[in-house]
Number of protein chains: 2
Amino acid sequence: MSIIDAAASVFCREGFAGANIDLIAMEAGVSRQTIYNHHRDKEKLFMAVVRDLTERCNAGIFATFASFPDQPRELEADLIGFAVRMNQNCICNRDGRFLRKLIQTEGERYPELFAEWRDQGPGRTWPALAARFARLAHAGHLAVDDPDVAARQFLALANAELQTTFMLGGTPSEDEVLQSATHGVRTFLRAFGKRRSAAAVEKQALLASA
Amino acid sequence: MSIIDAAASVFCREGFAGANIDLIAMEAGVSRQTIYNHHRDKEKLFMAVVRDLTERCNAGIFATFASFPDQPRELEADLIGFAVRMNQNCICNRDGRFLRKLIQTEGERYPELFAEWRDQGPGRTWPALAARFARLAHAGHLAVDDPDVAARQFLALANAELQTTFMLGGTPSEDEVLQSATHGVRTFLRAFGKRRSAAAVEKQALLASA
DNA sequence: GACGAATTAGACAAGACTGTCTAATTTTGT
DNA sequence: ACAAAATTAGACAGTCTTGTCTAATTCGTC
């Protein structure tokens with residue numbers, strides 16, 4: 001395991017103050033001196049960890065965005081799939097859990113560092129997701145007035161049933177993720193989905209059975 | 001400030017490992033020895049803090065539940081008001097912020113303590129809120145199939161726009177809370193509200209003006 | 001005012017951690 | 001194979017923290 005990975009793990013478990021450099025060195029399989037060679041001190045190491053996690057999470061998020069159903073076949077199923085992927089690849093995975101915890105626990109102590117995270121993370125990802133929903137609405141698949149609000153509500157709904165688990169730092173099971181996403185997307189579509197005419201439904205049923 | 005209050009404040013700011021008993025004593029305006037007299041050691045003090053916060057938060061939550069619009073006059077406005085009160089009195093206030101942070105930062109370290117919190121907190125409040133929505137649906141004001149899901153989604157929607165602020169431990173402004181609640185309740189009602197007939201709307205308008 | 005209980009300041013031992021230093025060893029590039 | 005660079009183990013000083021102890025002081029109650 002790399003120094004940064006080991007440090008992320010220990011900082012998350014023990015908090016900044018409780019993290020022990022010797023322990024990080026042990027978990028990373030290097031000597032303490034090597035850590036001090038690469039990163040001047042504990043604080044610099046911590047900042048490197050947050051930067052690394054932010055970058056990796058962003059990469060994961062944008063990769064997942066690429067699978068957004070811009071041209072949905074089955075809107076509900078496609079959005080549920082997207083919500084599940086979002087959860088599994090960006091929110092419930094190691095990097096996501098670690099970054100969330102570090103921001104929650106140490107965010108107030110490092111204002112400028114987390115201002116950077118805010119700009120690079122949510123500041124870039126929310127508009128990108130909102131743009132997807134705007135396109136979906138423009139293509140006539142959704143009745144959305146404010147895409148920014150819709151994007152936030154989409155994820156809030158998809159995660160609605162996972163909050164308690166997230167609180168304690170746990171990882172929801174695949175089933176829980178699927179359940180929450182399914183319920184969330186259904187509610188989302190009850191609010192923003194376009195009622196299809198009876199004719200359209202019949203036509204689709206015919207196409208599906210053919 | 002009482003010992004427990006000062007301890008809550010310091011534990012939140014610094015984390016368990018980083019919290020300094022001398023600092024807690026100073027902020028509480030007592031000597032360190034007095035703290036050791038009342039609470040055997042740092043860990044016992046920490047547990048007392050979590051228990052106290054859980055109790056106070058629960059009290060606030062149930063007090064706020066009492067203002068749930070069981071017989072709504074204006075469903076949207078009433079639910080927005082409830083969502084705002086929930087946020088201001090239970091989630092954004094001192095106790096709510098502190099308890100959330102302590103659970104997020106130290107939850108994994110004290111499994112049995114936080115199992116207790118889970119039972120006493122979410123385990124009691126979620127069913128209570130779900131029962132309110134079930135009654136509202138039964139009275140014909142909502143079209144809800146699963147009240148538990150609806151309750152979770154209601155709060156998730158009401159807080160959808162406050163997540164980033166919560167992450168960093170900040171307190172959203174009154175305006176932000178109102179905005180988020182308004183958007184959230186509107187979406188909630190688009191999903192679960194019953195379309196009123198034109199006649200019903202006219203009748204209600206007449207009653208209101210009378 | 002007097003007596004018992006609670007509180008205080010301060011010293012203290014024991015332990016933990018950070019960050020530095022050194023000298024030896026290993027790895028890397030050529 | 002050799003030289004430069006990186007890594008290692010271990011010791012070390014300095015600082016901080018917890019939890020205990022003691023003796024003096026204050027507080028509450030009668």
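Chain A is the first sequence line, chain B the second, and so forth, proteins listed ahead of strands; every chain is numbered from 1. Please read all numbers here as calculations on a predicted model, not as lab measurements.
- One finds the CG atom of A/Asn89 at 4.5 Å from the OG1 atom of A/Thr64 (value rounded to the nearest 0.5 Å).
- Between B/Tyr36 atom OH and C/dC12 atom P there is a gap of 18 Å when expressed in whole angstrom units.
- Taking the six-membered ring where tryptophan is involved, the planes of A/Phe82 and A/Phe65 are tilted, since the angle between them lies from 30° to 60°.
- Atom CD1 of A/Ile35 and atom C1' of D/dT8 are 13 Å apart (whole Å).
- Between B/Gln153 and A/Thr187, the side chains place a donor N or O and an acceptor N or O closer than 3.5 Å (distance only, hydrogens not considered).
- For the helix from C/dG1-D/dC30 to C/dT30-D/dA1, the axis fitted to the five pairs at one end and the axis fitted to the five pairs at the other end meet at an angle of 40° (nearest 10 degrees).
- Taking the centre and axis of the six-membered ring of A/Phe192, the NZ or CZ atom of B/Arg190 falls outside the cone set by 45° and 6.0 Å.
- With B/Tyr36 as the partner, the side chain to side chain contact (heavy atoms under 4.5 Å, CB included) test is satisfied by one option alone out of B/Gln33, B/His38, B/His39: B/Gln33.
- Side-chain proximity of B/Ser31 to C/dA9, D/dG19, D/dT8: nearest is C/dA9.
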Give each protein N/O atom lying under 3.5 Å from an N/O atom of nucleotides 10-12 of chain D, with the pair distance.
from: D/dA11; atom 1: N6; to: A/Arg32; atom 2: NH2; distance (Å): 3.0

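- Under 4.0 angstrom from either OP1 or OP2 of D/dA6 there lies no side-chain N or O belonging to A/Thr34.
- Counting to the nearest Å, the C1' atom of C/dG19 and the NE2 atom of A/His39 are 15 Å from each other.
- Within residues 9-26 of chain B, no residue approaches DNA chain C, by heavy-atom distance under 4.0 Å.
- Proximity of B/Thr125 to B/Phe62: side-chain heavy atoms (C-beta onward) are separated by under 4.5 Å at one or more points.
- There is no side-chain donor-acceptor pair under 3.5 Å between B/Thr164 and A/Arg118.
- A perpendicular orientation is assigned to the rings of A/Phe16 and A/Tyr110, their planes being inclined by more than 60° (bins at 30° and 60°).
- What separates CG of A/Asp41 from P of C/dT20 is a distance of 8 Å, to the nearest Å.
- Rounded to whole Å, the distance from NZ on A/Lys42 to C1' on C/dT20 is 17 Å.
- In this model, a donor atom of one side chain and an acceptor atom of the other lie less than 3.5 Å apart for A/Ser9 and A/Arg13.
- Aromatic pair A/Phe133/A/Phe68: centroids less than 6.0 angstrom apart.
- A salt bridge is defined here as a Lys NZ or Arg NE, NH1 or NH2 lying under 4.0 Å from an Asp or Glu carboxylate O, and A/Arg94 with A/Asp5 meets this definition.
- Here B/His38 does not reach the OP1 or OP2 of C/dA6: none of its side-chain N or O atoms lies under 4.0 Å away.
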